[in-house]
Number of protein chains: 2
Amino acid sequence: MAHKSTPASDSRRVPTIEDVARLAGVSTATVSRSLNATGRVREATRKAVESAVRELGYTPNFGGQALALNRTNTVGAIIPTMENAIFARAIQALQETLAAQKVTLLVATSQYLPEREEEQIRALLARGVDGVVLIGNRRASSAYALLNARGVPFVLLWSAPDSSPFVTIGFDNSAAAIDVTTRILKKGHRRIGMISGLTAHNDRADDRVRGVSKALTDNGLELAPQDLVECRYSLAEGEAAAMQLLQRQPRPTAIICGNDVLAAGALRAARALGLVVPGDLSVVGFDDIELATAVFPPLATVRVPHRRMGVAAGEYLLRWIVDGKRPPSLTLPTEFIERASLGNLCDEAAD
Amino acid sequence: MAHKSTPASDSRRVPTIEDVARLAGVSTATVSRSLNATGRVREATRKAVESAVRELGYTPNFGGQALALNRTNTVGAIIPTMENAIFARAIQALQETLAAQKVTLLVATSQYLPEREEEQIRALLARGVDGVVLIGNRRASSAYALLNARGVPFVLLWSAPDSSPFVTIGFDNSAAAIDVTTRILKKGHRRIGMISGLTAHNDRADDRVRGVSKALTDNGLELAPQDLVECRYSLAEGEAAAMQLLQRQPRPTAIICGNDVLAAGALRAARALGLVVPGDLSVVGFDDIELATAVFPPLATVRVPHRRMGVAAGEYLLRWIVDGKRPPSLTLPTEFIERASLGNLCDEAAD
DNA sequence: TTGAAAGCGCTAACAG
DNA sequence: CTGTTAGCGCTTTCAA
């Protein structure tokens, strides 16, 4: 008791709601009500509380609040990597959207490894996140089971609904790839190679390959096994993959890449082989990150709705967390961005 | 009481330590001890607890744990931006280091804005982070005051100790810039321009400018106001800045850039003006991110100890959090990376 | 409009 | 080696 009556002297101690209550001459309940604007509080009281808060520099204790509310105001996102800018814009937008509602974003990376992703899901859940954002819609059911067991709302980005019964906010990778391929065909290209990210656990990569393949088939061509090289999303691997494709005889006149990083690698390979882009070879990327215009020639690519996905993910999740009602999926458009790396084979022939 | 005796029927409820205790036939204290390996527990008991945990799918409640321990096992980092890869590798390394000790990393961005950074510090503190990582060592004292008031350990990355009394883990930006400049001078360049990030609230940028300036002065040259252009760290602004420098008569034979993104922009400007790099113009960057070798010609640049800073930040902070003892600062070496974008003016003259 | 008091789930003395 | 118990700081009935 004697201990309780003099804690104010302990100036180094982080102030609690009780300190505020004491200083304002009210109860802790009133402080809480006043701060959270829940329940009516007389204006004078509110003012008193406010000034006590200011004087003490009070901030609600996170643990206490989380415990009492059974809510952490935290959302977790697991992205494959932070090493390139692919997910940065979406994450940034997500963070801003959440922050506007006083919700913090926890970002983890999976390095494109399913086990690592599941580990991270577990970690986020253990930290009591109120919602989760994942990239892509194909993963082991055990991952979804974790989320469902806790009843934590989650949305999947970067993919279209697919057959998946989950909330998806993204775009149709396959359709986008079909569109790209069709445009390349229209330019007169017939020998087309593709460099893809590893499709094994990556629905986006897989869908893009399918799209290219379908478009070719629909036009009486085909994406033969040797026309497709899979590798990790790095400049060096993209370069090596392009080298491989360009060694073939006759070599492709166009290479479609699973993302802009791979495409930049392909550009480097072309240069190493003394090939001129787009004169000897056309290259198209995917994502439209800043890198696409940093290289030369600038990359024709597919612009993906980075920010809109991030914003929508935040909004959907926040609403879901509050009202408990699962939102519908959302599919956004992509846009083909024409740039110098894609050349017109017909024109050239006419040269 | 009647309520308390049947909660197990409530299968949807997230299990608590009490459920585990009940199922294992022990007390909650024993469960806690067993799980946290604090205090001796008989092997058989431990096994029983373990199986109960597994059966219920129990995970400690974050709020409860945070409240009891007065520790969230969370560290926050505030970086200027996620849009380019500059900080990605360090953050990744930091995250891995922390994760190994079951500590989660919270990443926020400040967009290079001091007010925004302070806001984020406040937010992190409100979330009860146990430690904080910031970039750079110059900021308003109010920012440091926030940290100190809460007594939260924090480290500053990317800079050298400077005059700052805080724990710094980084490198000497000025020395690195001097080194770069000296090398360029050795190559015979005499008209040297510089593109810098905005130095106003950015000690790294400022130190790099100082370094270049000092090296020039020491060699009987100078960095005149019109030889230096400041802009934001984007490709487009870097390009515009380079345009400005290259319009001068006589134009510089070398441009030193505050980072690789700016350098990539300079490369684009050179190309737009029909200048060949390094024949007509040399360009050097800073950071050595992947972009440096994605562009053509590949950028000579300064390799910064990204990963080592991230790892050290994690280790220092963890130790500090645990034992309460402030660690010393750490200054790491940088390395000049010679690549094709830097040409030899003497040789050329000799051609 | 306000206060008293009962938890939220967990840990750490303290006893045994 | 294990159980009892007293909080950690906050929110939220329930009364007044």
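Naming convention: chains lettered A, B, ... in sequence-line order (proteins, then strands); numbering from 1 in each chain. Note that this is a predicted model, so its numbers are computed, not measured.
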Hey, does B:Val26 reach any base, or is it just sugar-phosphate, or nothing, if we go heavy atoms under 4.0 Å?
-> sugar-phosphate

State whether B:Arg116 and B:Glu119 are salt-bridged, where the test is any N-O pair (Lys NZ or Arg NE/NH1/NH2 against Asp/Glu carboxylate O) under 4.0 Å.
-> yes

Look at the side-chain N and O atoms of B:Arg42 and state whether any lies under 4.0 Å from the OP1 or OP2 oxygen of D:dC1.
-> no

Position toward the 5' end of DNA chain D (nearest nucleotide), A:Thr30 or B:Thr28 = B:Thr28

Rounded to whole angstrom units, what separation is found between the CG atom of A:Asn70 and the P atom of D:dT13?
-> 14 Å

In whole angstroms, how far is the P atom of C:dT2 from the CZ atom of A:Arg46?
-> 11 Å

Among pairs that include at least one residue of residues 121-137 of chain A, which meet salt bridge (charged side-chain N to carboxylate O under 4.0 Å, His left out), considering only residues two or more places apart or in two chains?
-> A:Glu118-A:Arg122

Distance in angstrom units between B:Arg33 CZ and C:dG9 P, rounded = 20 Å

Separation of atom CG in B:Asn61 from atom C1' in D:dC10, rounded to whole Å = 13 Å

Could you give the CG-to-P distance, from A:Leu69 to C:dG7, as a whole number of Å?
-> 17 Å

So, are B:Glu43 and B:Arg46 salt-bridged, with charged N and O less than 4.0 Å apart?
-> yes

When the ring planes of A:Phe154 and A:Phe166 are compared, do they come out parallel, tilted or perpendicular, using 30° and 60° as the limits?
-> tilted

Within less than 4.0 Å of OP1 or OP2 of C:dG9, is there a side-chain N or O belonging to B:Thr16?
-> no

Atom pair distance, as rounded to whole Å: CZ in A:Arg40 and P in D:dT13 | 17 Å

Looking only at side-chain atoms of B:Leu67, point me to the closest of C:dA13, C:dG3, D:dG9.
-> D:dG9

Parallel, tilted or perpendicular, as decided by the 30° and 60° cut-offs, for the rings of B:Trp158 and B:His306 = perpendicular

Can you tell which of D:dG7, D:dC1, D:dT11 lies closest to the side chain of B:Ala68?
-> D:dG7

Whole-Å distance separating the CZ atom of A:Arg13 from the P atom of D:dG9 = 7 Å

Nearest to the side chain of A:Pro60 - D:dT13, D:dC10, D:dG3?
-> D:dC10

Assign each of A:Phe62 and B:Glu43 the nucleotide of DNA chain D bearing its closest heavy atom; nearer the 5' end lies the nucleotide of B:Glu43

Calculate the interatomic distance between A:Ile17 atom CD1 and C:dT2 atom P; express it in whole Å.
-> 14 Å

Looking at D:dC1, D:dG3, C:dA4, which one has an atom nearest to any side-chain atom of A:Ser27?
-> C:dA4

